[in-house]
Structure formats: C-alpha cells, structure tokens
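A quick write-up on the structure given underneath.
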Amino acid sequence: MTEKLILIDGNSLAFRAFYALPLLKNTAGIHTNAVYGFTLLLEKIIKDEQPTHFLVAFDAGKTTFRHATYKDYKGGRQKTPQELSEQFPYIRKLVEAYHIKHYELPNYEADDIIGTLSKEATANKMETIIITGDRDLTQLVNDHVSVYYTKKGVTDIDHYTPAFIHEKYGFGPEKIIDLKGLMGDTSDNIPGVPGVGEKTAIKLLLEYGTVEEVIAHLDDIKGKKLNENLTLHQADALMSKELATINTAAPIEVSLADTLITEDSTDNKIELFKSLEFKQMLGSLDTAPQAEEVAAIELASLEEINLDNRTSILIDCFKENYLKNEILPLAISDGNKTAVITADAIARNDTLAAYLSDDSKPKVVYDAKKTTVLLNRLGVEIKGIEFDITLASYLLDPSNTIIDVAEIARLEGKSLTSNDQIFGKGAKMAIPSDDVLNDYFAKQAVTVLELSAILKDKLEKNEQLALHDELELPLALVLAKMEMRGITVNKDELAAMQHELQGRLDTLISSIHSHAGQEFNINSPKQLGVVLFEDLKLPIIKKTKTGYSTAVDVLEVLQGKHPIIDDILIYRQLSKLQSTYVEGLQKMIGSDGRIHTRFNQVLAQTGRLSSVDPNLQNIPIRLDEGRKIRKAFTAAKPGWVIFAADYSQIELRVLAHITGDASMSEAFINGTDIHTKTAMEVFDVEKDEVTPNMRRQAKAVNFGIVYGISDYGLSQSLGISRKAAQKFIDDYLASFPNVKQYMDDIIQQAKQDEFVSTLMKRRRYIPDITSRNFNLRGFAERTAMNTPIQGSAADIIKLAMVNYDKAVKATEFSAELLLQVHDELIFEVPEEEVEAFSLFVKDIMEHALPLNVPLLVESDFGQSWYDAK
DNA sequence: AGGGTCACGC
DNA sequence: GACGTACGTGACCCTA
C-alpha cells in the first residue's frame, strides 16, 4: 500500500468547526459543536483519503519563540470563548479514540510541528496532506505536500497544490512568506507594510521576487506613497516575513514512524460518542459487522421458555406492509432462553396462543401495532403488551428515525444486524434461509428485551412513562383495529369519475397543445417552462433551482396574459385528482371492497399521526370538484352512515388555554367567532365593523400562529409585503399580550432545555434554537412556539380515541372508528344509532383533556364522507 | 433509485 | 446581512 500522511492543524480547525456549527450541548451541559465538527472532518478525511499515517498538532501555549522576535505577535486577539476552550479536552479524547497521534510542543506552534514533519515526509517522498483553516501553511506545499484549506465551515475545502498556487498568485509556494511579509496578517497581528494588501504584494513579488529584492530595488518602485511606506517599513517587512516563516526544524519528539495508524477499533469511539450524545455518529459506526457482534444464538425450544417471566415477542413480515405481506416467524425471549416458531405454527400451538392472549402475562415488543395486526392475521389476539420500544424511542426523541430494532439499538450504543443487511434493499430484497432468519429474529427478541429496560428508565426520568402507558401504547391497539377494519370505497363511483375526468383532460390537453402550437408533456415542469417562458415569451415570475417555476402562484400572476394559462390551471387541478385520487385510490381497494391505510405513529415531529398506502389524511375537500372524491367513501352496509366529528379550532383553544389570554378565552367561552374576534382586536374595531376582508386577514394570521409560519409565509398567503405581514404579527401580539408573553417564554425555555413539551409531556428537541445562523434560529423559534400548540392538540385527539375505545365497549353501539384526520374522527354507524352516538362521541372528545376554555366538537353524517360535512 | 417540482390535506 | 422559511404523502418527470 502506498503511504499517505495526514497532518491536521488542530487549533485552527477547532475554531473553524466551532464557528461553523450551532452551539450544541449534551445533557451534561458540555458544548459539543466543535468536537462534532472535528468528528465530521476526521470521518471525511479517513473515508476520502484513507491515510496510513496521521497526526493532529496542537498549539502548546500562549508564548512561542516568535514572541521573542515580536512581543505583540498574535496580540489583540479575542480570548477563546469558554464554550470552545471547554471542548479541547474532548477533541484530544476524540483524536485518541480514533487511534490518531496528537502532539504539541512548548514554545512552538502547531504550524512548526506540521512543517517539521512534512519536511521529513518529503525527504521520504511520502505523500502528505495538511489540513488547516490557516493560509500560512500553504508555504509548505510542494510536489509531495498539498494543503487542504477550509474556506468556510469544515467541508468547503480548497486544495492547494503547487499548480493551484501558481494559478492563484502567479508564483510558487516558496513566496507565500514574502507575500505575508509585505501584506501582513491581521489575525496574527503581523504588521507587514501599511498600504500594501494582497494585490500590491503580488505585483511587487512578480516583479522583484522576494521581500529582500523589493527592498533592494526601492529606487525603481513608483508611486510616492507606496515607495514611502516600503522605505519606512522595510524592517517590519523583513520581520513579518520571519514571523510568517514556519520552522521546519523544530525539536519535535515524534517521528514519522510514530504517526502510523495501527489500530482501528470502535470501542473508544462508541463510549465517547455516547457521552457526547452524537447519535448520528453512533448510528453510522456500526454499518460494518463488529467484532463484538454476538455469535449465533443457541435456540431453545418453546417449552424451555419461562412464561412466568416478562418476555419479548418479536414478529415481523417481509417488506413494509404488514396488512398484507408474508408473515415471518415469531421469536420469544425470556431474557435467558430464546425460541423461534414459524408463523403457521403459532395458532396451532395452544400453549403459546393462550400465553399470547393472556392479559396478565407482560410482554414487550418492537412495534405494538404491527405485532397486533400480524398476530391477528394468524388468528391470535395478543394481550398484555406493556411496553413498545418503538413508541418509547419516538417519545424520547421524535427525531429518531426508527426503521428496525437495530436502529434503536444503535441509538443506545448497541450493535445489531439491520433489516437491510438481512433482507437486502430495493429490487434485490429477499427472504434469507431459515437458519439466518431464525438467528436474526432471536437476536432481535433478545435486544428488544434489553432495550425495553433501558428505554423505560429513560421515559421514567423524563416523566413520560404515562404518555407511553396511557396514551401511545393503548392508541397503537386502537389504530391496529382501524387499519384492519379499513373503509369501504366504491370502485364504480371512482371509475365513473375517471371516465368523466379523462374526457375533460383530453379536451384540455388538445387546447393547451394548440395554444402552444406544439405537443409537449404538460406534466413536465421543465417542458412546460420552455413553452411558457421561451416559446410564448411570457414574463418569468420566479425561478427554481433547476429552471422556471410553473407553480400555481406563478400561473395566477400570468392569468389573462395568455389563454393557455387558464387551461393549465384547470389541467393541473384535474390531473392531480385523476392520478393521485381517482386512479390511485382504485388501485388500493382490497378484495373486501375496503381501503386499509396504515397510520405512522412515530414519524411526525409534532406528535401528529401520518397516513400511508394510501394517505387518507389528504383527501380533497376545499374545492367541490375534488371534494366529490369523498362520495366514494361510504358506509359498509345498507342502513349505515358515515359519521364525522371534528374539533372546532382546537389549536387556538389550546393556545388560549396555555397562554391564559383573557380576551381569547372569553371568545371561546362566549362562542364568538374567533377570526372575527381576532379582527376586532388587531384592527381595533367593533364587531359590526369587521369587514369580510378583515376577517380573512385575521384568519390568515391565526393560521400562521397555529402552524408557526414566518412573516414571509404570512406575506405569501395574504399576497402582501413581508413588512406588512410583520406588522400584522406585531399588531396581533400587541392585541393578545399573554400570547406575546408565551412566545417569549417558550423561546427562553427552549434555549435552556433545548426542547419544548406538550400538555401530555411529549417532547421535541430544538437544538437550532442557539444557532448563530439567522434562518436556522428563526425556524427553531417558530418550531418552539408552534409545537406545544399543535402537539397538545395531537395529544388531545389521541386521548379522545383511547377514551372512546375504552368507553364504547361498555355500550351497545355497533359504531366503528375508521379514520383520524388530525382534528377529526370518521366512523361508520348504523343510522338508528347516530343521534345517540353523536352525543356520546361529542362528550368524549370535548372532555378528553379538560382545558380552561371549552372544546367544541361539531359533527355530521350522511351516505358518504362527502355528505358528512 | 433518488432528486426535484407540484399539489392535496391539516 | 444572513437566502429559505408549518407538517406530512404521493404522483410525475428526469437523470443516473
């Protein structure tokens, strides 16, 4: 193998990383951003360069031999901030964890260590790369040595080679010190010659070669002021050159041989990353099978499992959709022995089936909803699930992207083979041999049991155990039933719509093509852009990264300028309906005539649910054209109806509750229309003076408050300037002083805790709240303000679902809960029950979580979802 | 396969 | 001044 040496200027890169990244902090209160940036850099270098030798050099102390030459060397420098200096010990630990040598030498700078070693490497013709955020080091460049200079942050890097330097300056690396001598360096307080900057210095050096030669030719130098400055400051120039010159013969006690990388174990890294809480890094560590990977598990027989112990139950299916895909074996572990049984044999094994259905036997699982559905498909109703590590991991930090047991294991610093490693990815996915599969499932079961104890502990510390036990886990079982139940969708209805829509689309396509004078793909924004803005020469309103924007707001501006625009707008609307809903939904109707969506309970950062395969939370409603899709969603049986109950203004009611704002609360108590009330306050008018336009604007502001949009977002939705939007927000906050107070307080709290919480103690971490990047911080602040509102609303409807499920069992209602759409629940109900059921559901939803303002639930029913409006 | 763009819901 | 600005899912295009 060819040898390659990496030399890192530790101090300068620590500074770079510190100023490039937001001020991260771990729970112990130690700042970690510079360490994190340093880690990213090390990872990148090791991956990209694959060095054989490596050394990180640090500055030793305040004074160096250069101070003897010039006492003000590096004078006037700002003190290193405490937030950075406390990180240096960890950076050293980090370097050690990578088994990389680090070195510092009293009286010398990191530069000199690097210079001395690079000289030795060059003598040995060893390829060397110096990484630094300081341009001084570029003087060391030669045919064997290149310098990677971080321009910005730690990843934007210039590669200084002899050719690069020639290109940039017109001379070689050996003249960098002359350049510094003439122009000086403010950051190191090197004086140079006044009035000489980079441009002048380069010109002089190209003409005369060196500082000494410039001085020797003072008489030839034109320009009165320049000549005067050079004459007056020749000594400074010579001294500056000396200061800038790196010592390549420092008395270092390391040799090239010491920098050889000999070991590559991840143990120390795991420990350090855990303490620093670098979850991402921990995750990426274990991609390759580790030495500590447990050997194949010895499988026990089912009879050997102690069913009096708490057990972990691990069952899965091939690919994502557990509602229909092939079911794989089940593994069960009691913490001592682990057994695996095929899916077919589960229901036939009476002991196991009885155990699984026994509510008094505690079980822990990886995904309660999936587990419940899969076992249900096998004819077993599982009871007694008391802990779900997927839910736990999500509740501890909703930004955890939980894809398999291995992912949760990684987050906790444990190692396990991943699903991808066992099954493969994409088209190559396949079920492995029984041996491999059984071993993998057994290992997962063991890991689930281990993790459950750890995660439960953490939830307890966060006071989130009730959130898991009483909200999310029971909800998972409610959702499992909803998913299995599905909702009836009338295929003929959709087929009829498809036919009608296709006729209209065909007409529109011909019309658009004839307006354009050519045939093209209207669905391609790229082709459409060319037609509109090049061929038809319409004015360009907005551009995207890749070309012209053809989004709706752009097309609306162009309306009236060309008849093609109206056609395109209608085409867009109809083709969306056609492809996503009319055609898309038909494909999803099962043999039972129903669509079975899956709710993702551990994805949305705010605590909301999401819906996939298909998404039934975004069925059109705003425009009647689209709303008609809902006609296809019907009750299953004759005499049954679709019943929909939705919370009115739940987020704003939560806001009134959290802030305790009197005038807002009053509006809800008195049943005043909240948008009218907002308009009254913001525009300072009486109720009967509120115009429809004022109400519309007030509604947009309320929308903005609920969704945490920016002044920019509000300006877009109202079609006004950003300044005017900001004024609206200011007026709003002046009108509702408690809301203003809340917004200020929650940002402070987020800064202190780095997370915000909902009424049910759901958390969301907001590390960017301390970012020095204006945009990131602004975004983080809006997240901090919005999440408790939206997340508490999510808590409330989830609680209502759990309470409903519990309460309905004790009634005679045969109604079934089908869907949840954030603030709305959809049921199918026998028509004769509707009246009583409506009161029942309204009561449960309105009292799910008592607030200081009333919650209001409105409902309706009809033959289809369309009619339940 | 993965990104970008667009559009639907709350 | 900062250059991208609620959260999701999915269809389609286009490039790889």
Side-chain angles (χ1 to χ4, degrees), chain A residues 152 398-399 425-429 520-529 542-555 568-569 571-585 587-588 597-600 602-623 625-627 629-630 646-647 649-652 700 702-717 722 725-726 764 768 771-787 789-791 793-794 797 819-824 865:
Chain A
K152 192 168 68 172
S399 70
K425 275 212 299 199
K428 291 189 203 102
M429 264 191 110
F520 67 101
N521 186 345
I522 309 167
N523 290 329
S524 162
K526 194 171 155 188
Q527 293 183 33
L528 181 60
K542 205 165 69 175
K543 287 198 157 195
T544 65
K545 266 180 243 170
T546 48
Y548 313 110
S549 169
T550 66
V552 169
D553 53 338
V554 169
L555 297 179
I568 293 169
L569 281 166
Y571 173 86
R572 275 269 171 81
Q573 193 196 332
L574 297 187
S575 73
K576 169 75 177 177
L577 287 180
Q578 184 77 312
S579 62
T580 307
Y581 298 106
V582 177
E583 290 173 355
L585 288 176
K587 289 179 204 151
M588 307 300 294
T597 185
R598 294 195 319 283
F599 293 100
N600 196 333
V602 293
L603 186 139
Q605 299 300 299
T606 53
R608 279 185 169 185
L609 300 174
S610 73
S611 154
V612 286
D613 261 3
N615 181 356
L616 293 185
Q617 290 182 321
N618 71 343
I619 304 300
I621 189 164
R622 306 239 136 115
L623 304 169
E625 195 71 55
R627 191 174 195 154
I629 302 284
R630 295 179 175 227
D646 71 290
Y647 283 106
Q649 304 296 349
I650 187 170
E651 284 95 352
L652 291 175
N702 278 333
F703 178 86
I705 297 292
V706 167
Y707 287 115
I709 64 173
S710 57
D711 53 353
Y712 175 85
L714 183 62
S715 75
Q716 291 293 300
S717 70
R722 200 164 144 166
Q726 184 57 54
R764 181 174 185 180
D768 285 344
S771 170
R772 282 174 303 265
N773 178 311
F774 177 83
N775 295 314
L776 284 180
R777 192 176 62 246
F779 188 36
E781 288 175 352
R782 295 199 300 279
T783 304
M785 299 186 277
N786 160 253
T787 297
I789 301 170
Q790 205 184 112
I797 193 166
L819 298 175
Q820 187 251 43
V821 191
H822 306 310
D823 64 353
E824 166 180 41
W865 196 3

query = To the nearest angstrom, how far is A:I619 atom CD1 from B:dC8 atom P?
reply = 12 Å
query = Under 4.0 Å between a side-chain N/O of A:T544 and OP1 or OP2 of B:dT5, yes or no?
reply = yes
key: Side chain of A:L603 - closest among C:dG8, C:dC14, B:dC6   = C:dG8
ask   = What nucleic acid atoms does A:K526 come within less than 4.0 Å of, heavy atoms only: base, sugar-phosphate, or nothing?
value = sugar-phosphate
inquiry  = Between A:F703 and A:E583, which residue's closest nucleotide on DNA chain C lies nearer the 5′ terminus?
reply    = A:F703
request  = Would you kindly check whether a donor in the side chain of A:N523 faces an acceptor in the base of C:dC12, or vice versa, at under 3.5 angstrom?
outcome  = no
request  = Would you classify A:I621 as touching base, sugar-phosphate or nothing, given that sugar-phosphate means primed atoms plus P, OP1 and OP2, and contacts are heavy atoms under 4.0 Å?
outcome  = sugar-phosphate
note = A:M785 CE to C:dT5 C1', in whole Å, measures 12 Å
query = Base, sugar-phosphate alone, or nothing: which one does A:Q605 contact when heavy atoms must sit under 4.0 Å apart?
reply = sugar-phosphate
ask   = Looking only at side-chain N and O atoms, does A:T550 come under 4.0 Å of OP1 or OP2 in B:dC6?
value = yes
ask   = Counting side-chain heavy atoms from CB outward, which of C:dA11, B:dC8, B:dC6 is closest to A:Y581?
value = B:dC8
message = Measuring to OP1 and OP2 of C:dC14, would you say a side-chain N or O of A:S524 lies under 4.0 angstrom away?
response = yes
ask   = Name the one of A:H822, A:R764, A:R608 that satisfies side chain to side chain donor-acceptor pair (under 3.5 Å) with A:Q790?
value = A:R608
Check against side-chain contact (heavy atoms from CB on, under 4.5 Å), A:N702 and A:Q649 = CA-CA 10 Å; A:N702 278 333; A:Q649 304 296 349; over 6 Å; no
query = Below 4.0 angstrom from OP1 or OP2 of C:dT9, is there any side-chain N or O of A:S610?
reply = yes
Protein-nucleotide distance (A:L574, atom CG; C:dA11, atom P), rounded to Å = 18 Å
remark   = Value for CZ (A:F779) from CG (A:N773), rounded to nearest 0.5 Å, stands at 12.0 Å
key: Rounded distance (Å) that lies between atom P of B:dG9 and atom CG of A:D646   = 15 Å
ask   = Taking all non-hydrogen atoms of both residues, which atom of A:Q605 and which atom of A:L603 are closest, and how far apart?
value = NE2-O, 3.1 Å
request  = Identify which nucleotide among C:dC13, B:dC8, B:dC6 has an atom closest to any side-chain atom of A:S549, counting heavy atoms from C-beta outward.
outcome  = B:dC6
inquiry  = C:dA6, OP1 or OP2 - any side-chain N/O from A:S710 closer than 4.0 Å?
reply    = yes
ask   = Counting side-chain heavy atoms from C-beta on, which of C:dG4, C:dT5, B:dC6 comes nearest to A:N775?
value = C:dG4
key: Derivation and outcome, side-chain contact (heavy atoms from CB on, under 4.5 Å), residues A:T597 and A:Q617   = CA-CA 10 Å; A:T597 185; A:Q617 290 182 321; over 6 Å; no
Residue A:Y707, side-chain heavy atoms: nucleotide from C:dG10, C:dA6, C:dG8 that is nearest = C:dA6
message = For a quick test of reading the model: is some side-chain N or O of A:N618 closer than 4.0 Å to OP1 or OP2 of B:dA7?
response = no
ask   = Under the side-chain contact (heavy atoms from CB on, under 4.5 Å) criterion, do A:E824 and A:Y647 qualify, and how do the steps go?
value = CA-CA 6 Å; A:E824 166 180 41; A:Y647 283 106; over 6 Å; no
ask   = Which nucleotide in the set B:dG9, C:dC13, C:dG10 lies at the smallest distance from any side-chain heavy atom of A:R630?
value = B:dG9
ask   = Donor-acceptor pair, A:Q726 side chain versus A:D711 backbone, under 3.5 Å?
value = no
query = Given the C1' atoms of B:dC8 and C:dA6, what is the spacing between them in whole Å?
reply = 15 Å
note = Separation of B:dC6 atom P from A:Q527 atom CD, nearest Å, is 14 Å
task = Give none if C:dA2 has no partner; otherwise give the nucleotide forming a Watson-Crick or G-U wobble pair with it, both distances under 3.5 Å.
result = none
message = Should the side chain of A:R572 and the base of B:dC6 be counted as holding a donor-acceptor pair, with the cut-off at 3.5 Å?
response = no
message = Just to be sure I understand the rule, does A:D613 reach a base, reach only the sugar-phosphate, or reach nothing, if contact means heavy atoms closer than 4.0 Å?
response = sugar-phosphate
remark   = Whole-Å distance, A:K587 NZ to C:dG10 P, equals 13 Å
note = Per atom distances to the A:K576 side chain, the nearest of C:dT15, C:dG10, B:dC10 is C:dG10
ask   = Across the strands shown, which category fits A:N521 at heavy-atom distances under 4.0 angstrom: base, sugar-phosphate, nothing?
value = sugar-phosphate
Interatomic distance where CZ belongs to A:R782 and P belongs to C:dA6 [whole Å] = 5 Å
task = Kindly point out which of B:dC10, C:dC7, C:dC14 is positioned nearest to the side chain of A:F779?
result = C:dC7
inquiry  = Output the rounded distance in Å from CG (A:D823) to P (C:dA6).
reply    = 20 Å
Of the listed nucleotides B:dC10, B:dT5, B:dA7, the one nearest the side chain of A:P525 = B:dT5
task = Assign A:R598 to base, sugar-phosphate, or nothing according to its heavy-atom contacts below 4.0 angstrom with the strands shown.
result = nothing
query = Looking only at atom P, what distance separates B:dA7 and C:dA2, rounded to whole Å?
reply = 29 Å
Spacing of CZ belonging to A:F599 relative to CG belonging to A:L616, to within rounding of 0.5 Å = 7.0 Å
task = Kindly state whether the pair A:F774 / C:dA2 counts as stacked, where counting means centroids closer than 5.5 Å and planes tilted less than 30° apart.
result = yes
key: Among C:dA6, C:dG4, B:dA7, the one nearest A:V552 by side-chain distance   = B:dA7
